[in-house]
Asker: 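Here's a structure for you.
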2 protein chains.
Amino acid sequence: MSSPDYSKGVAYAHGQYLPIGQASIPMTDWGFLRSDATYDVVTVWDGAFFRLDAHLDRFFRSCTRWRLDPGLTRDQVTATLSQCVRLSGLRASYVEMICTRGQPPWGSRDPRLAVNQFYAFAVPYVWIANAEQREKGLHLMVSDIQRIPAASVDPTAKNYHWNDLTMGLFAALDAGADSVLLVDAVGNIVEGPGFNVFCVSNGVLVTPGEGMLEGVSRRTVIEMAHSLGFEVQQRALPADELRAAAEVFVSTSGGGVLPVTVVDKQAIGDASPGPMTRKLVQTYWDWHTDPAYSLPIDYSL
Amino acid sequence: MSSPDYSKGVAYAHGQYLPIGQASIPMTDWGFLRSDATYDVVTVWDGAFFRLDAHLDRFFRSCTRWRLDPGLTRDQVTATLSQCVRLSGLRASYVEMICTRGQPPWGSRDPRLAVNQFYAFAVPYVWIANAEQREKGLHLMVSDIQRIPAASVDPTAKNYHWNDLTMGLFAALDAGADSVLLVDAVGNIVEGPGFNVFCVSNGVLVTPGEGMLEGVSRRTVIEMAHSLGFEVQQRALPADELRAAAEVFVSTSGGGVLPVTVVDKQAIGDASPGPMTRKLVQTYWDWHTDPAYSLPIDYSL
């Protein structure tokens with residue numbers, strides 16, 4: 001018997017740890033058949049979780065919002081995520097925790113009778129932007145697809161309802177852009193697939209104030225801005241204001257602060273990452289060594 | 001080696017048929033992690049598919065809409081569904097066909113690079129209403145949750161974006177109702193979890209005209225109504241008009257035409273299934289023996 005190959009990542013399912021490629025969920029879990037699930041993603045950088053507390057806070061809030069019970073305490077979730085990372089040996093990792101509805105007894109459609117399930121996995125760190133995009137800046141398109149509104153699905157509780165984002169992404173990629181921004185019913189910018197967005201407008205940082213996920217990376221940007229003395233406004237952001245901005249960037253667990261230099265095929269500023277963006281990128285990575293935000297993982301098995 | 005227990009249902013996954021309880025999808029399939037999938041459900045009654053052609057038409061239309069390719073021809077899908085039913089031995093079955101995005105190569109977020117996957121399963125026929133509810137009528141609640149609008153996700157292409165329906169269902173069940181109806185942004189009735197809705201208003205059948213799934217059972221009701229000489233209007237249906245209707249029923253693959261006798265704790269008519277509803281229930285089952293709509297399954301192995 002050779003030991004399992006954990007190099008591509010490790011998952012936790014039904015009480016077991018296994019290579020990510022072997023991990024599955026039951027076909028009949030409502031987490032799949034009704035997208036009845038919540039999740040959160042925390043990153044590991046240089047062998048330490050970044051802002052794990054904030055992600056756990058939100059994960060348990062999301063569970064409560066959707067009436068899901070992962071059946072694990074906060075410490076047990078932390079231990080499970082740590083074990084996924086430890087087994088993988090990954091020093092930089094994208095770590096996802098998931099709670100699904102499970103399924104009610106056959107024939108019942110009462111979600112209150114389902115036994116909820118907890119899953120997790122750790123895979124190599126995921127960058128939304130590759131090295132060249134991080135240096136030169138992303139090219140985004142503004143879609144006319146409306147992000148699912150809060151009156152339908154609460155965007156502050158994480159969920160897998162991504163069809164609008166995915167269809168927008170297809171169109172943006174087809175048009176030669178790197179990713180997409182969705183709008184609300186009146187044309188204000190909301191968010192993109194896996195990221196929040198900011199721009200510099202008249203010297204002030206502006207980011208949408210409602211209708212989007214309240215990203216932990218978004219919160220980190222706001223906190224960094226305050227510490228750097230940048231003014232931040234959380235408010236409606238019309239697409240035209242974004243297009244006319246001096247700087248644009250996105251915030252995401254998939255790379256932190258990522259510059260955007262083209263929107264709808266038009267250059268932002270001089271089409272290179274601006275000074276406030278560069279300062280926030282630098283600060284983002286600096287904060288990864290702050291003990292207040294980082295939790296080192298013990299990799300000894 | 002004993003033969004597998006197919007009595008609870010049979011699934012098809014990755015080229016194999018297996019007991020439903022053993023069927024799974026990869027944890028990393030975007031069909032789960034981004035609810036990036038489509039599906040359709042056809043029923044088997046008395047050993048024959050009911051309106052399989054209509055369901056296949058819609059399944060392939062949904063695939064095209066979401067840029068999914070099941071990788072099987074129409075005949076191959078039919079053969080796969082038939083084999084699931086045949087192995088199960090079920091004479092009355094709920095048969096689901098699914099196409100998921102699969103996943104792009106690790107590190108990529110380009111859905112165009114994913115290899116789409118086809119899954120299917122056949123399980124015992126699912127009734128949305130139990131025997132007592134079918135006789136006495138269902139009790140529905142009108143939620144103030146808005147069904148995800150068409151500007152975000154096209155409701156005519158089937159998808160698993162059910163959080164709004166599931167949260168509405170929780171609230172309805174908590175309040176003692178059997179299920180829920182969701183509304184649109186201006187308060188018109190749209191649909192419920194797994195069903196369309198009709199009412200009899202001034203002697204005319206009324207059903208919402210947009211914002212909802214164009215159910216095959218809904219279409220069957222409209223066709224039956226025409227054959228019975230009932231007038232049908234597909235138009236906006238205000239919640240108050242529904243509450244004041246003489247009759248209310250839902251249409252679903254999970255039981256056909258199901259009477260509704262209470263809405264928001266108020267009786268519809270005399271709180272028993274009305275004459276037009278009863279006629280449509282009878283006609284629905286009569287049509288199951290019409291060769292134009294039924295395709296017998298060869299159960300010989």
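Each chain gets a letter, A, B and so on, in the order the sequences are listed, and its residues count up from 1.
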Asker: Please look at B/Q22 and chain A and tell me whether the side chain, the backbone, both or neither of the residue comes under 4.5 angstrom of a heavy atom of that chain.
Answerer: neither

Asker: The criterion is side-chain hydrogen bond (donor to acceptor under 3.5 Å, both in side chains); which residues satisfy it with B/S7, sequence neighbours excluded?
Answerer: B/D5

Asker: Checking heavy atoms, do the side chain of B/I148, its backbone, both or neither come under 4.5 Å from chain A?
Answerer: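 Answer is both: backbone and side chain atoms of B/I148 are under 4.5 Å from chain A.
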
Asker: Got B/S24 and A/I25 here, is their nearest side-chain heavy-atom distance under 4.5 Å?
Answerer: no

Asker: Please flag which part of B/D174 lies under 4.5 Å from any non-hydrogen atom of chain A: side chain, backbone, both or neither.
Answerer: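 Interface part for B/D174: both.
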
Asker: Could you give the distance from CG (A/L33) to CZ (B/F32), rounded to the nearest 0.5 Å?
Answerer: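 The CZ atom of B/F32 is 11.0 Å from CG of A/L33, to the nearest 0.5 Å.
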
Asker: How would you list, in number order, the residues of residues 114-128 of chain B that have a heavy atom less than 4.5 Å from chain A?
Answerer: B/Y119, B/A120, B/F121, B/V123, B/V126, B/W127, B/I128

Asker: Could you look at A/W66 and say if it's the side chain, the backbone, both or neither that has a heavy atom under 4.5 Å from chain B?
Answerer: both

Asker: Looking at CZ of B/F170 and CZ of A/R112, how far apart are the two atoms once the value is rounded to the nearest 0.5 Å?
Answerer: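 That separation rounds to 8.0 Å.
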
Asker: What residue, out of B/A11, B/P26, B/P193, has the most heavy-atom pairs lying under 4.5 Å from chain A?
Answerer: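 The answer is B/P26.
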
Asker: Does A/Q146 offer a backbone N or O that forms a donor-acceptor pair with the side chain of B/S152 under 3.5 Å?
Answerer: yes

Asker: Show every side-chain hydrogen bond (donor to acceptor under 3.5 Å, both in side chains) that has at least one partner inside residues 25-34 of chain A, sequence neighbours left out.
Answerer: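 Residue pairs passing side-chain hydrogen bond (donor to acceptor under 3.5 Å, both in side chains), neighbours aside: A/T28-A/Q103, A/D29-A/T100.
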
Asker: Of the backbone (N, CA, C, O) and the side chain (C-beta and beyond), which part of A/L169 lies under 4.5 Å from a heavy atom of chain B, both, or neither?
Answerer: side chain

Asker: Do you know which of B/L182, B/I98, B/L173 has the most heavy-atom pairs with chain A at a distance under 4.5 angstrom?
Answerer: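 Answer, by heavy-atom pair count under 4.5 Å with chain A: B/L173.
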
Asker: Relative to chain A, which segment of B/R67 carries a heavy atom at a distance below 4.5 Å: side chain, backbone, both, or neither?
Answerer: both

Asker: At a heavy-atom separation under 4.5 Å, does B/Y94 approach chain A through its side chain, its backbone, both, or neither?
Answerer: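 Looking at B/Y94, just its side chain touches chain A.
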
Asker: Taking every heavy-atom pair that is under 4.5 Å apart, which of A/R65, A/R109, A/E96 has the most such pairs with chain B?
Answerer: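 Option with the greatest count: A/R109.
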
Asker: Give me the contact list for residues 158-167 of chain A versus chain B, heavy atoms only, anything under 4.5 Å, ordered by residue number.
Answerer: A/Y160, A/H161, A/W162, A/N163, A/D164, A/T166, A/M167

